[in-house]
Each structure stands twice: as structure tokens, then as C-alpha cells.
Amino acid sequence: MSTTSLPPAAWNETAADFPHDRCVHELFADQVRRTPDAVAVVYGDAALTYAELDRRANQLAHRLRASGVGPDTLVSLCVERSLHLAVGVLGILKAGGAYVPLDPAYPAERLAQLHGDSQAAVLLTQRALLGRLPQPAGALLLLDEPTADPWPQDAPAVAMSADSLGYVIYTSGSTGRPKGICLPHRALVNLIVWHERTLLCGVNTLQYASLSFDASFHEMFAAWCSGGTLFLLSEEVRHDLGALARFIHAHQIEKVILPVIVLSQLAEQVRGQEQLLGSLQELTTTGEQLQITGPIIQLFRRLPGCAFHNHYGPSESHVVTAYTLPADPDAWVTHPPIGRPIANTRIYLLDEQRRPVPVGATGELYIGGVCLARCYLGQPELTASRFVATGELPAGETRLYRTGDLARYRPDGCLEYLGRIDHQVKIRGFRIELGEVETVLSQHPGVREVAVLAREDAPGEKRLVAYVVPDFAAAPSGAAPLHGEPLHGEPVRALGADLRARLREKLPDYMIPSALVMLAALPLTPNGKLDRRALPPPGPARPELATAYRAPRTALEREVTALWEQLLHLDGIGVEDSFFDLGGSSIHAAQFLARARSAYGIAPTSARFFAQPTVAALAAALQEQRPEGPAAATIPMVPREGGLALSLAQERLYYLYQLAPESRAYNCASCFH
């Protein structure tokens, strides 16, 4: 290999001064002294200034200290979106502890698993959530109940260092056990200081990400360490793209960090109303590979003063590379690069023998520098296999993190992301180990074999599909084995219902496959390994559900059914079918609400959607909201003049043509000749 073709060492010369001996909450305290009366956080009609937030967090810190919290003590934090979220995070850090976020939306069994695995000394939550949470072995503190003791309002004195943990965030694990990633303060301080020196600061910032996603840390402390105002939004707004756009407009949000899929859908939602996002001065995408679409280009044409950044970084290091797209949206490529390493971070592209690959060649991406996590909580063997500390390492490095990502250097030094070397995938910005989903499914007694695959059968719509080989002889029903590919019938229907219930009990929604395909056998390669390429795509037919099929009965139910069929790429949806049993996700739900509002001027609330996710219930909700009189019929019905009778397929196309303007790319008019 010619050394002249190797990446120049200058591309990794990222050393920069930063307060390497300080903690994140100390940077926040500095800002409190600078701007005590500025608004730090807003939720609904409530707000806290920097001084008020600091006092409340200090009081909580004293409560936590009294419960035994100190440096490296883990505190499980399960909290709904509210000012309590801000107080909880800061209070834990000020007490010297590390927060372990538990998303209230997770199944109760998942919450118990994460809390138990962390062995957190304290569970910090709200009274309304107690019914979903495990009985803690340690202390239980409630954020929303007053205490009898007048806790001090000044910060407690805690002997801790930059090596102390700031948080432990769990991601999917390939063995079926989630991985707790332990980030120390030094890595987090470096990220925030780099942010202050290179990105927009001191502005109105949206807090969009779930607390269990590391982008939430970036959102919070990029605002709080620079004098900005953090705007928390409700789950209702998070699941409604139209409401999200209106929230940004109403609060004059200037800075947002969004998953790629959310940006893509939001850009589609605001077409023709780009002024709703006119306050934005900086937009950053993260979570998965950025793909530029027509609506994204159109959006940024209308936002000429808005900088657009693409960030990359696994949870084991948070952000490690950054790229700012050119000012002219028409110059953007479909898949922009992920950029160059940030301050005090180094990137290496190595081959299987851990040798550097030439510029332009594909290599596995390794990360070095102060950004690295300490370890995987309680998993030393996994830590040793991913955080490489032995063998031939580049000069100056004591250990590197093996990402499993493939990339290559462009001649200008920017990195291009090229995919994975294993079966880890990203769905809607969330990292998923397919092995964890397979483990949950394989534990069912009626399953003989299982394989889970991430498919993208429609451009830009990546989804999980599970392929299951039933073992009916072992199933409680004792039904005889079925043959054929794919399998159908009552035993298949019952097994599918059991598996969907099992998945909902054990996994968060983003890890639940959108389709279950029952096969007589998994396809194999000539050498006897699973042939993933031969796994068939799910067909458009309605899946085998426990719910009996019921056809639409009213015009409104037919319209809603047609829209569901378009969103989910299915035929024959029944009015009592659950949206989520059909493979719908929270992103699909947001799309439905946005398109319903576009078509009718109204839409059900996201809370009602998630509580009653059937065509019948949602059509009833729309009917309740519709104004009385002729104006209520906003979507014309299928023309029946002259006794014209249309096939179901033609009728469906007609409804799609009326409900969704983008579907007019198809020659729907030809269906009526």
C-alpha cells in the first residue's frame, strides 16, 4: 500500500483548548451568574428563569444527596415532558450523580428491565407514572410532590471530577440485553464547548428528542450553557407535524436538531407554508444518513438565512463529525458527507487488519479522542470488544471505539458514510440490533426460527420486517404444521396476534416490526446460511389479524381507509383494525394527522389517535369535529353518473387522488376511461 495515498495526518489535528477538568452542570452555573433573570426553559404557559431553575435543581440535589447520591451514583429518571424534566436532569448532575433516562412511553417490562440492569440507587419520577414503574430496590423520590423539609437553595458541595459519569443511555443490544452507554463529563463538556465555538448560541432552542436519545442532552445544554431559552413541547405536538410547524412559528424557534426522517416529513408538511419555519436560523440533522429530497430543497430555498448541518456520532461518543451544507440548496447532493472530526476527536478508517485505508477506499470507522464513553455498564467483555485498547493503535491513542460503520475519505478530507458491516440498523433515527428483536420473538413457544430484516421497499421508507417459521407442534393450540410460502390460516392468525402482543410488552415501538411474514422455512444459501436477499417483501394484502375484517360503511370511513392504505402500502384494511397492528408507526401517525388536517381542515388529537387507533374511531372523531352543513363534504365522492361502476382498485385510486396531492404523479385519470 502506498503511503502517499493515505489520509494526511493534518485531517486529525483537532486539538483545542477546553475546560477539561470541569463538569457540565458547572458550565450551567456559570451561565446562571451571567444571566440570572433570562428565561431558561418554557413548557406551555410555565417558565423558569436561569436563577429559578438553578434554585429548584439545587434543592433537588440536596434531596438526592440525602438519599445517598454522589459521584457515579446512577439515578433512574422517568418523567413526562414538563419543567420537571429540566429540574430532574440538572438536580441529578448537581448531586454528583448520573441520570439514566427511562422513557415513559416504553412498555412497563422494558422500564423494569432497564432500571434493574442499571441497579440505580434512586428512582426519580412523578406520581402519575408509578403504576408503570417497577418497585425500586433503592429510594423513590417524586418530583411533583412538595417535601416537608426546606431544602437549601444553594448548590451542594460535591467532590467529583470530569471523569465522573454524566449519564447512562441505553441502546439496543445484539444479544437481547440492552447496552447502557456510560458518558463522562469530560466528553460532554468538550461537545458543548465545541458547539459554543462553532454553532449558533444564545437563541430560542427546541427540545424535540426523547430524553432516552442522546440528542436531548445536546439540545438542553447547548441552550443552557450559552444563555438560550429551551422550549419543551408536549408529546401531542411531537406526534403531529402540523402542530410542530405551528409551535416553531408561534415561539419563534431559531435552532432545532431533528432526526432525518422528521425533517423529511416536516418539509413535506409545510410545502406552500414554508413561512411557518421562517424563524429558523440553524437546523441540524442527526440519527441516520441524511438524504436530500425535493421538499427539503424547497424548504431551504425559502429559508436563505438558515444554516443546515449534518452531524454524525454513535451514542458511544455522541457527535464526532460535522458538515455544513453549502448555502445554495440546488448544489446539494442526495447523500451529503458527514464532514470532519470535531474538536479533540480523531477519526480513522481502517481495514480488517486495522491498517489505514487510502483516500477514496472503504474502511471501518474508528473513533479516538476525549469523546469516548467509559464503558458499557456491567458488560466488560462487550466493552473490550468494541473499545479497542490492545494491538496496533495509531500513535497517541490509548483506545479506539469500533463503530461498525463503513466510510471513506473524499479528497477534500470530508467523510462519506457508506453503511454497516453488521446487522445493526437505524430506523427513524433509533439504533436497533436486529438480534434483540429476534431474541424476543424466538422466546415464543410457537416459533421455530426467526429472522428480522430492515427493508426499504419504498424509497425513504425503511422498516423492520420479521420472518417467522412457526412450530405449531410446540404451540399451545397443537395445530398441525402448515406448508407453503407464505403461510395463512387460523393458527397463523393466532400466532401473529400472540407475537404482536409479546413485542408490545417487551420492546419500545420503534423496535417493533411493521410486518410479520410467516414462512414454511427460511431460505438458505448453498453453504447453509440464511439467505437474507431471498426473503420476500411483505405483500400488500391485509396481514393475518385477530380482528375480523369489517368493511367501511360510510363515505368518511372509506376516505380514512384509503388514506391508511396509501400510508401503509396495504389493501383491504378493515375499519376495526388497529393502525399499529397493521404496521403503522408514530411517524405514520404524524403523516396521517397532517394529511387529515390538509384534507379536512381538522384532525383528531394525537392522544385520541393513540388511544383509539382504528378507522371507525378516527372517522367518528372527524365527524364530531366537522362543521354542519354542505361545507362539511370537503372531499368529493366517487362519481356514479350514468350507472358507472368502479372496481375496488379504481375506487381506491380515486380516493387517493383526492386525499393526497402527491399521488397524482400516477395517471389516476386513466382509471376512469
Side-chain angles (χ1 to χ4, degrees), residues 171-172 208-210 213-215 218 256-268 283-297 299-300 307-326 329 331-342 345 347-349 357 360-367 371 401-410 412-434 452-465 510-511 514 532 585-587:
T171 66
S172 179
Y208 177 87
S210 164
F213 188 39
D214 58 8
H218 199 171
V256 298
I257 301 174
L258 294 176
V260 172
I261 185 63
V262 174
L263 170 61
S264 179
Q265 297 296 341
L266 184 62
E268 288 189 20
L283 194 155
T284 299
T285 58
T286 185
E288 58 189 311
Q289 186 175 29
L290 173 59
Q291 180 172 337
I292 299 298
T293 64
I296 290 176
I297 291 175
L299 171 62
F300 279 90
F308 188 17
H309 307 292
N310 186 28
H311 286 179
Y312 162 83
S315 296
E316 287 81 354
S317 62
H318 216 314
V319 176
V320 290
T321 71
Y323 176 76
T324 301
L325 279 77
W332 296 348
V333 297
T334 302
H335 293 102
I338 57 175
R340 295 172 176 267
I342 71 168
T345 297
I347 301 296
Y348 303 93
L349 300 185
V357 300
T362 299
E364 183 179 355
L365 195 152
Y366 287 68
I367 301 171
C371 57
Y401 172 63
R402 291 189 62 181
T403 67
D405 289 331
L406 297 173
R408 67 185 173 202
Y409 272 115
R410 301 193 320 185
D412 63 359
C414 278
L415 288 152
E416 290 184 342
Y417 177 82
L418 299 175
R420 293 287 302 175
I421 63 173
D422 56 20
H423 299 310
Q424 183 190 107
V425 299
K426 285 285 188 77
I427 301 289
R428 290 145 44 205
F430 292 98
R431 189 167 84 184
I432 301 171
E433 295 281 1
L434 299 180
V452 178
L453 190 67
R455 303 190 65 99
E456 192 171 355
D457 298 311
E461 293 190 26
K462 188 182 293 183
R463 59 174 177 159
L464 290 183
V465 178
Y510 65 85
M511 293 180 67
S514 64
R532 293 181 176 269
S585 66
S586 57
I587 289 293

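Along the sequence shown, residues are numbered consecutively beginning with 1. Just so you know, these numbers come straight off a predicted model, no measurement behind them.
- Shown here for Pro295 and Glu268, the closest heavy-atom pair between the two residues is CG-CG, 3.7 Å.
- When all heavy atoms are compared, the tightest approach of Thr403 to Leu365 is OG1-O, 2.6 Å.
- A donor-acceptor pair under 3.5 Å is formed between the side chain of Ser172 and the backbone N or O of Glu433.
- Ile257 has its side chain within reach of Thr286: a pair of non-hydrogen atoms, C-beta onward, lies under 4.5 Å apart.
- The distance from the OH atom of Tyr510 to the CZ atom of Arg431 is 10.0 Å, given to the nearest 0.5 Å.
- With sequence neighbours excluded, the residues forming a side-chain contact (heavy atoms from CB on, under 4.5 Å) with Phe213 are Ala209, Ala215, listed by chain and number.
- The closest side-chain donor-acceptor pair between Gln289 and Tyr417, if any, does not fall under 3.5 angstrom.
- In this structure, Glu416 and Pro337 approach most closely via the heavy-atom pair CG-CB, 4.3 Å.
- Nearest heavy atom pair, residue Asp412 against residue Cys414, reads OD1-N, 3.0 Å.
- Taking the side chain as every heavy atom from C-beta outward, Arg463 and Ile427 never approach each other to under 4.5 Å.
- Side-chain atoms of Leu266 and Leu299, non-hydrogen and from C-beta on, never get closer than 4.5 Å to each other.
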Test side-chain contact (heavy atoms from CB on, under 4.5 Å) applied to Thr345 and Val319, step by step: CA-CA 9 Å; Thr345 297; Val319 176; over 6 Å; no
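- Within the 4.5 Å cutoff, the side chain of Tyr401 has no heavy atoms near those of the Val320 side chain.
- Note that OG of Ser264 and CG of Leu258 are 11.5 Å apart. Values are rounded to the nearest 0.5 Å.
- Side-chain N or O atoms of Ser514 include one that pairs as donor or acceptor with a backbone N or O of Leu464 at under 3.5 Å.
- Across every non-hydrogen atom of Arg408 and Gly360, the tightest pair is CD-O, 3.7 Å.
- Within the 4.5 Å cutoff, no side-chain heavy atoms of Val262 are placed close to those of Thr285.
- With sequence neighbours left out, the side-chain contact (heavy atoms from CB on, under 4.5 Å) criterion links Thr362 to Leu406, Leu418.
- Using a 4.5 Å cut-off on side-chain heavy atoms (C-beta onward), Arg455 and Lys462 make no contact.
- For the pair Thr171 and Ser315, the tightest heavy-atom approach, listed with the atom from each and the gap, is CG2-OG, 3.8 Å.
- For the pair Ile367/Ile347, a side-chain contact is recorded, criterion being any heavy-atom separation below 4.5 Å from C-beta on.
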Determine, stepwise, if the pair Leu415 / Arg410 fulfils side-chain contact (heavy atoms from CB on, under 4.5 Å). CA-CA 6 Å; Leu415 288 152; Arg410 301 193 320 185; over 6 Å; no
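- A donor-acceptor contact shorter than 3.5 Å links the side chain of Glu364 to the backbone of Gly404.
- Note: His311 and His218 have parallel aromatic rings, judged against thresholds of 30 and 60 degrees for the angle between ring planes.
- Distance check: Phe308 CZ to Trp332 CH2 gives 5.5 Å after rounding to the nearest 0.5 Å.
- Proximity of Ile421 to Arg402: side-chain heavy atoms (C-beta onward) are separated by under 4.5 Å at one or more points.
- Remark: Leu290 CG to Asn310 CG distance equals 4.5 Å, nearest 0.5 Å.
- Of the residues Leu263, Ile296, Leu325, the one that meets the side-chain contact (heavy atoms from CB on, under 4.5 Å) test with Leu283 is Leu263.
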